[in-house]
Colleague: 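First the structure, then my questions, so here it is.
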Amino acid sequence: MKTKITELFEIEHPIIQGGMHFVGFAELAAAVSNAGGLGIITGLTLGTPEKLAKEIARCREMTKKPFGVNLTFLPSLTPPDYPGLVKTIIDGGVKVVETAGRNPEQVLPALKAAGIKVIHKCTSVRHSLKAQSIGCDAVSVDGFECGGHPGEDDVPNFILLPRAAEELKIPFVASGGMADGRSLVAALALGAEGMNMGTRFIATKEAPVHQRVKEALVAASELDTRLIMRPLRNTERVLRNAAVDRLLEKEKALGANLQFSDIIEEVAGVYPKIMLEGEMEAGAWSCGMVAGLIHDIPTVKELIDRTMAEAESIICRRLTGLVGA
Ligand SMILES: Cc1cc2nc3c(=O)[nH]c(=O)nc-3n(C[C@H](O)[C@H](O)[C@H](O)COP(=O)(O)O)c2cc1C
C-alpha cells in the first residue's frame, strides 16, 4: 500500500510503532521495521547519549530498513541531555524522529539540517497546526482512546481525525485505538495516511517485556483502563491494577490539594519493575482502550501481514462490493 506516509518514511506499509517507555528497545523497533513498518526506539528509556548510541547500533545490526527514535519532552527538574541525544541521533544516521510532549521547536533546526524527518505526536488539532507551522514533516494524531498521555481535551478519534484532515496540509497518522486492518481502513477513511500503534505492539513475541505484561493485555477488556493524574493536568491512560486503585483513592481524597509527591510511589520508577521484572502491581503503566481488541501474542510480522491483508480485503471486497451493489 502506498500513502504519503510510506513515501515520506520510505517504508512498505503505513504502520508506525510509537515510542514506548521500557518497551521500545532495538528488538521491537527492528522487528517492526523488518516487517515493513517503521519501528521506533524510545530515546529517554536509554537516557544518555552513550546508551542511545549503543541501542541505535544494536538496532542497525538487526535491520537494514529505516527506523526512528522517539524524543519525549517532559517537564523535569533535571532534564535529560537533549542536545546530546539529538547529536547521537544525527551521528547514528537515524532518518526519522518522533517527538512528543512539549513543542519540539528547540530540536528542529538541528534535525532538519541533518535531513531527518520529524513526526510530532499531538492530541489536538491546535497542537497539530502548531507542529505544521514550525516545520514538522508529519503528525501522529493521538485520540482520547490512546495509551499514555491523551491530553486534556478528551476528543476521540472519530472526531479528532476528520477535524485534523479538515485543517492540516502535512500528512498525519491515526494513533490511539489502532489494532488491525479494520483500524487501518477506518484511519484512511477519516483522512489519515496510516496508523501508529502502541499497546498492540506490546503483545507481540518480539516485544522485550515480561510475558506477564503481554498476558495482562490479552486478559484485559476495553473497560479496564483508567485515567490518572487528571488533577495535575498530566492525564495518563493506564491499565487498572491495585496501585492504580490506590492512586485514584488518593486523588479522590485530596481533590485540588493533590501534589505529585502524593502519588510518587505509584508512578515514579515503576516501568523497569513492570516491563522487565513482570511485577504487575508495582505501579501505573500506560495502556490503551485497544486492550479490548488484543486476543493473542503474534510475531510482529504476523501482526503486520495480517493487518495489511485484512485492510486490503476490506477495501477490495467489502467496500468495493457495497459500492457496486
Ligand atoms: C506502555 C506505553 C508506554 C509509552 N511511552 C511513551 C513514551 O515514552 N513517549 C511517547 O511519546 N509515547 C509513549 N506512549 C504512547 C505511544 O507511543 C502511542 O502514542 C500510544 O500508545 C497510541 O495509543 P494505543 O496504545 O491505543 O495504540 C506509550 C504507550 C504505552 C502503551
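Only a predicted model underlies this, so the values are computations on that prediction, with no experimental measurement involved. Numbers here are sequence positions counted from 1. Atoms within each ligand, like the ligands themselves, are counted from 1 in listed order.
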Colleague: In this structure, would Val97 and Leu46 fall into the same cluster of hydrophobic residues linked by side-chain contacts under 4.5 Å?
Modeller: yes
Colleague: If two hydrophobic side chains count as joined below 4.5 Å and joins carry through other members, does Ile304 share a cluster with Ile40?
Modeller: no
Colleague: Any idea which of Met20, His120, Lys121 brings a heavy atom closest to atom 12 (N) of ligand 1?
Modeller: Lys121
Colleague: Do Ser286 and His21 have side chains that get closer than 4.5 Å, going by heavy atoms?
Modeller: no
Colleague: Between Phe260 and Val267, does a side chain to side chain contact (heavy atoms under 4.5 Å, CB included) hold up when you go through it step by step?
Modeller: CA-CA 9 Å; Phe260 184 71; Val267 296; 3.6 Å; yes
Colleague: For atom 9 (N) of ligand 1, what is the nearest protein heavy atom, given as residue, atom name and distance?
Modeller: Thr72 OG1, 2.9 Å
Colleague: Going by the order shown, which atoms of ligand 1 are within less than 4.0 Å of some heavy atom of Asn196?
Modeller: 18 (C), 19 (O)
Colleague: Spell out, yes or no, whether Val238 and Leu232 are grouped together once hydrophobic residues are joined by side-chain heavy atoms under 4.5 Å, including indirect joins.
Modeller: yes
Colleague: Is there a polar contact between ligand 1 and Asp142, counting only N or O atoms under 3.5 Å apart?
Modeller: yes
Colleague: Which atoms of ligand 1 sit under 4.0 Å from any heavy atom of Ala100?
Modeller: 11 (O)
Colleague: Is Val244 reachable from Met280 through a run of I, L, V, M, F, W or Y residues, each pair having side-chain heavy atoms under 4.5 Å apart?
Modeller: no
Colleague: Please determine which of Val173, Val155, Leu188, Val141 meets the side chain to side chain contact (heavy atoms under 4.5 Å, CB included) test together with Leu161.
Modeller: Val141
Colleague: To check your reading of the model: name the closest protein heavy atom to atom 2 (C) of ligand 1, its residue, and the distance in Å.
Modeller: Ser286 CB, 3.5 Å
Colleague: Of all the non-hydrogen atoms in the protein, which one sits nearest to atom 20 (C) of ligand 1, and at what distance?
Modeller: Gly147 O, 3.4 Å
Colleague: Less than 3.5 Å between some nitrogen or oxygen of Met275 and one of ligand 1, yes or no?
Modeller: no
Colleague: How far is atom 13 (C) of ligand 1 from the closest protein heavy atom, and which atom is that?
Modeller: Gly19 O, 2.9 Å
Colleague: Side chain, backbone, both or neither: which part of Asn70 comes within less than 4.0 Å of ligand 1 when only heavy atoms are counted?
Modeller: side chain
Colleague: Where does Thr42 meet ligand 1, judged by heavy-atom distances below 4.0 Å: at the side chain, the backbone, both, or neither?
Modeller: side chain
Colleague: Identify which of Gly101, Gly177, Ser175 has a heavy atom lying nearest to atom 22 (C) of ligand 1.
Modeller: Ser175
Colleague: Distance to 0.1 Å, residue and atom name: give those for the protein heavy atom nearest to atom 27 (O) of ligand 1.
Modeller: Gly198 N, 2.9 Å
Colleague: Taking a hydrophobic cluster as the set of Ile, Leu, Val, Met, Phe, Trp and Tyr residues connected by side-chain heavy atoms closer than 4.5 Å, whether directly or through intermediates, do Phe73 and Leu52 fall within one such cluster?
Modeller: yes
Colleague: Heavy-atom distances under 4.0 Å decide this one: backbone, side chain, both or neither, for Thr199 against ligand 1?
Modeller: both
Colleague: Kindly confirm or rule out a cation-pi arrangement of Arg58 over Phe25, judged by NZ or CZ under 6.0 Å from the six-membered ring centre and within 45° of its axis?
Modeller: no
Colleague: Do Thr6 and Glu12 make a side-chain contact, defined as non-hydrogen atoms from C-beta onward lying under 4.5 Å apart?
Modeller: no
Colleague: For Val290, counting its heavy atoms only, list the atoms of ligand 1 lying under 4.0 Å from any of them.
Modeller: 26 (O)
Colleague: Among all protein heavy atoms, pick the one closest to atom 8 (O) of ligand 1 and tell me residue, atom and distance.
Modeller: His21 N, 3.6 Å
